[in-house]
Amino acid sequence: MTHVFYRNSRSTPPTATRGEGAYIYDDTGKQYLDGSGGAAVSCLGHSDPDVIAAVQTQVATLDFAHTGFFTSGPAEALAERLVTHAPDGIDRVYFVSGGSEAVETALKMARQYFVETGEPQRTRFISRKQSYHGNTLGALAAGGNVWRKEKFAPLLADTAHISPCYAYRGQEAGESLEAYGQRVANELESELQRVGPETVIAFIAEPVVGATLGAVPAVPGYFKRIREICDRYGVLLILDEVMCGMGRTGTLFACEQDGVSPDIITIAKGLGAGYQAIGATLCTNRIHDAFVQGSGFFQHGHTYIGHPVACAAGNAVVTKLTDGGMVARAVQMGEKLDQALRDAFGNHPHIGDIRGRGMFRGLEIVEDRASKSPFDPARGINKRVKAAAFEAGLICYPMGGTVDGQRGDHVLLAPPFILTDDQIGELIEKLGTALQSALS
């Protein structure tokens with residue numbers, strides 16, 4: 001008997017009892033290799049002593065102080081550390097409790113910025129098809145995943161969507177990667193002209209698309225062109241790094257590899273590494289100054305924002321990522337993981353593409369490699385892979401609807417940066433077992 005409302009109301013999941021390193025154990029003693037970090041959360045693995053000590057010390061000192069009355073030492077320290085490593089121009093940090101909150105905050109911050117600066121007619125957002133920005137109503141509206149949105153469509157704000165930067169399916173024969181990137185980036189300018197650029201608040205995108213596409217990075221030059229278009233029309237650029245940021249793709253902020261600085265960045269997941277629930281919305285001084293010189297008040301907030309214990313955990317995590325060299329390890333182990341995936345599945349008859357950056361890798365599953373045709377969604381390939389992997393003792397993140405929100409399957413991998421060579425071998429072996437079972 002349970003009173004918990006599970007995600008799947010027709011089944012009862014096993015009970016997790018402890019985590020150690022790259023593994024989670026259930027109440028039967030079964031061991032699972034955490035090959036997706038939950039949902040790209042556990043970048044440092046489980047039971048990290050330094051983060052645990054930071055949480056224990058802080059909760060014994062100050063458990064909670066509402067930000068309507070106080071700031072705290074951990075919040076100030078974490079904000080300073082993040083800004084020190086952030087892209088040029090980023091100077092302010094607004095703490096929240098997770099990724100959807102971070103995106104919701106970014107959307108409201110961007111809207112109020114234009115109200116404060118005398119452009120209240122800007123009411124629209126533009127994003128990309130097959131994007132995912134969270135599950136609160138504003139964040140869900142901004143996203144471009146059909147399956148996630150369809151039940152709630154009547155409740156969602158209207159958002160325009162352009163094509164993703166998805167070279168595996170979008171690049172034309174004879175077209176260079178750079179030319180392809182410019183072509184799909186220029187869709188933003190066309191869409192701005194269609195809706196009226198003076199009505200648009202911001203363009204929001206993931207530097208490396210996670211859940212809905214399976215670790216798809218932008219091609220060279222794409223985001224530089226996006227930045228140029230945003231600047232030309234006075235539109236803000238919001239980069240959603242909730243899943244791909246905090247070292248996951250090999251740099252602390254994923255956009256570093258694209259050579260751009262956004263106006264607003266959202267982070268979460270790896271920021272707390274699972275030890276506490278925390279996210280953040282970072283912005284430039286230009287945006288913050290508009291509030292200072294305007295109403296002086298951001299009309300937004302939640303009870304647990306800037307939580308001292310969460311910020312203490314985040315500060316310990318970011319310290320390990322930067323000073324502790326774990327981002328560099330994500331690069332090193334990510335290259336090994338990529339090579340192992342290509343060695344094992346590069347010629348697999350049903351793996352059409354292997355992609356990603358750092359410790360963020362995806363495999364696209366197809367019925368036919370030559371035509372790239374996906375399996376019939378009725379077969380539920382992604383669900384079968386997830387179940388077979390779990391049975392084999394591997395946690396991974398398969399999803400469906402890769403191609404258009406309905407058709408297509410992929411597997412997302414986002415293991416902890418502490419993964420060893422032997423554990424990469426274990427991941428490959430168990431994933432191979434799962435694919436064989438699901439596709440037979």
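Predicted model only: the values in this text are computed from it and were never measured.
Taking the side chain as every heavy atom from C-beta outward, Ile278 and His307 never approach each other to under 4.5 Å. When side chains are defined from C-beta on, Tyr6 does not count as touching Asn8, because their heavy atoms never get closer than 4.5 Å. Side-chain contact between Ile351 and Leu435: present, with at least one pair of heavy atoms (C-beta onward) separated by less than 4.5 Å. Using a 4.5 Å heavy-atom cutoff, the side chains of Tyr113 and Glu119 are not in contact. Between Cys230 and Leu188, the closest side-chain pair of non-hydrogen atoms falls below 4.5 Å.
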* Criterion side chain to side chain contact (heavy atoms under 4.5 Å, CB included) on Thr84 and Glu80, from CA distance to verdict -> CA-CA 6 Å; Thr84 297; Glu80 175 69 24; 3.7 Å; yes
* To do: Take Tyr166 and Thr402, measure what side chain to side chain contact (heavy atoms under 4.5 Å, CB included) needs, and give me the verdict at the end.
  => CA-CA 11 Å; Tyr166 181 15; Thr402 314; 3.6 Å; yes
* To do: Could you walk me through whether Leu62 and Phe70 pass side chain to side chain contact (heavy atoms under 4.5 Å, CB included), step by step?
  => CA-CA 12 Å; Leu62 174 66; Phe70 298 100; over 6 Å; no
* Asked: Ile267 and Phe253: side chain to side chain contact (heavy atoms under 4.5 Å, CB included), yes or no, with the steps?
  -> CA-CA 9 Å; Ile267 56 175; Phe253 290 89; 4.1 Å; yes
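Judged by distance alone, the side chains of His46 and Asp34 do bring a donor and an acceptor atom under 3.5 Å apart. Thr105 and His300 share a donor-acceptor pair across their side chains, judged by distance under 3.5 Å alone. Remark: the Tyr233 side chain and the Gln193 side chain contain an N/O donor-acceptor pair separated by less than 3.5 Å. Remark: the Arg225 side chain and the Asn186 side chain contain an N/O donor-acceptor pair separated by less than 3.5 Å. Judged purely by distance below 3.5 Å, without hydrogens or angles, the side chains of Asp240 and Thr266 pair a donor atom with an acceptor atom. A side-chain donor-acceptor contact under 3.5 Å links Glu116 and Ser295.
Between the side chain of His288 and the main chain of Val93, no donor-acceptor pair closer than 3.5 Å is present. Listed for the Asp409 side chain is a donor-acceptor partner under 3.5 Å among the backbone atoms of Asn382. Not a single donor-acceptor pair under 3.5 Å links the side chain of Arg128 to the backbone N or O of Gly144. No donor-acceptor pair closer than 3.5 Å links the side chain of Ser42 to the backbone N or O of Leu44. Put simply, the side chain of Thr281 gets close to the backbone of Ala102: a donor and an acceptor are under 3.5 Å apart. Within the 3.5 Å criterion, the main-chain N or O of Ala141 finds a donor-acceptor partner in the side chain of Thr159. Side chain of His66 to main chain of Phe64: no donor-acceptor pair is present (N/O by atom type, distance under 3.5 Å, no hydrogens or angles). Proximity of a side-chain donor or acceptor of Arg111 to a complementary backbone N or O of Ala106 within less than 3.5 Å is not detected. Not a single donor-acceptor pair under 3.5 Å links the side chain of Glu189 to the backbone N or O of Ile229. Between the side chain of Glu76 and the main chain of Thr71, no donor-acceptor pair closer than 3.5 Å is present.
In terms of heavy atoms, Val55 sits closest to Ala313 at CG2-CB, 3.6 Å. In terms of heavy atoms, Val235 sits closest to Ala202 at CG1-CA, 3.5 Å. Contact detail for Ala39 and Met243: the closest heavy-atom pair is O-CE, 3.7 Å. Annotation for Gly134 and Ser100: closest pair CA-OG, 3.3 Å, computed over non-hydrogen atoms. Contact detail for Pro74 and Pro308: the closest heavy-atom pair is CB-O, 3.4 Å. Nearest heavy-atom pair, Ala316 versus Val51, reported as atom, atom and distance to 0.1 Å: CB-CA, 4.1 Å.
In this structure, Tyr180 has its ring center no closer than 6.0 Å to that of Tyr222.
A salt bridge links Asp404 and Arg407; the closest N-O separation between the charged side-chain nitrogens and carboxylate oxygens is under 4.0 Å. Electrostatic pairing of Arg227 and Asp88 does not count as a salt bridge here, judged by no charged N lying under 4.0 Å from a carboxylate O. Looking at Asp323 and Arg81, a side-chain N of the basic residue comes within less than 4.0 Å of a carboxylate O on the acidic one, giving a salt bridge.
For Glu198, the CD atom is densely surrounded, since the number of other residues' heavy atoms within 6.0 Å is greater than 12. Counting heavy atoms of neighbouring residues, nucleotides and ligands inside a 6.0 Å radius, atom NZ of Lys430 exceeds 12 of them. Shown here is Lys149, whose NZ atom has more than 12 heavy atoms of other residues, nucleotides or ligands within 6.0 Å. Taking a 6.0 Å sphere around CG of Asp343, one finds it holds more than 12 heavy atoms contributed by other residues, nucleotides or ligands.
Phe114 is linked by a ring-ring contact (aromatic ring centres under 6.0 Å, His included) to nothing, counting only residues two or more places apart in sequence or in another chain.
Taking OG of Ser36 as the start and CG of Leu394 as the end, the distance is 7.5 Å to the nearest 0.5 Å.
Every pair tested for salt bridge (Lys or Arg N to Asp or Glu O under 4.0 Å) that includes a residue from residues 287-298 fails, sequence neighbours excluded, so the list is empty.
Taking the six-membered ring where the residue is Trp, Phe298 and Phe291 present perpendicular rings, their angle passing 60° and hence far from 30°.
The one candidate from Val317, Val318, Leu321 that meets the side-chain contact (heavy atoms from CB on, under 4.5 Å) condition with Met326 is Leu321. Each of His350, Arg169, Lys372 was checked for a side-chain hydrogen bond (donor to acceptor under 3.5 Å, both in side chains) with Glu364, and the lone residue meeting it is Arg169.
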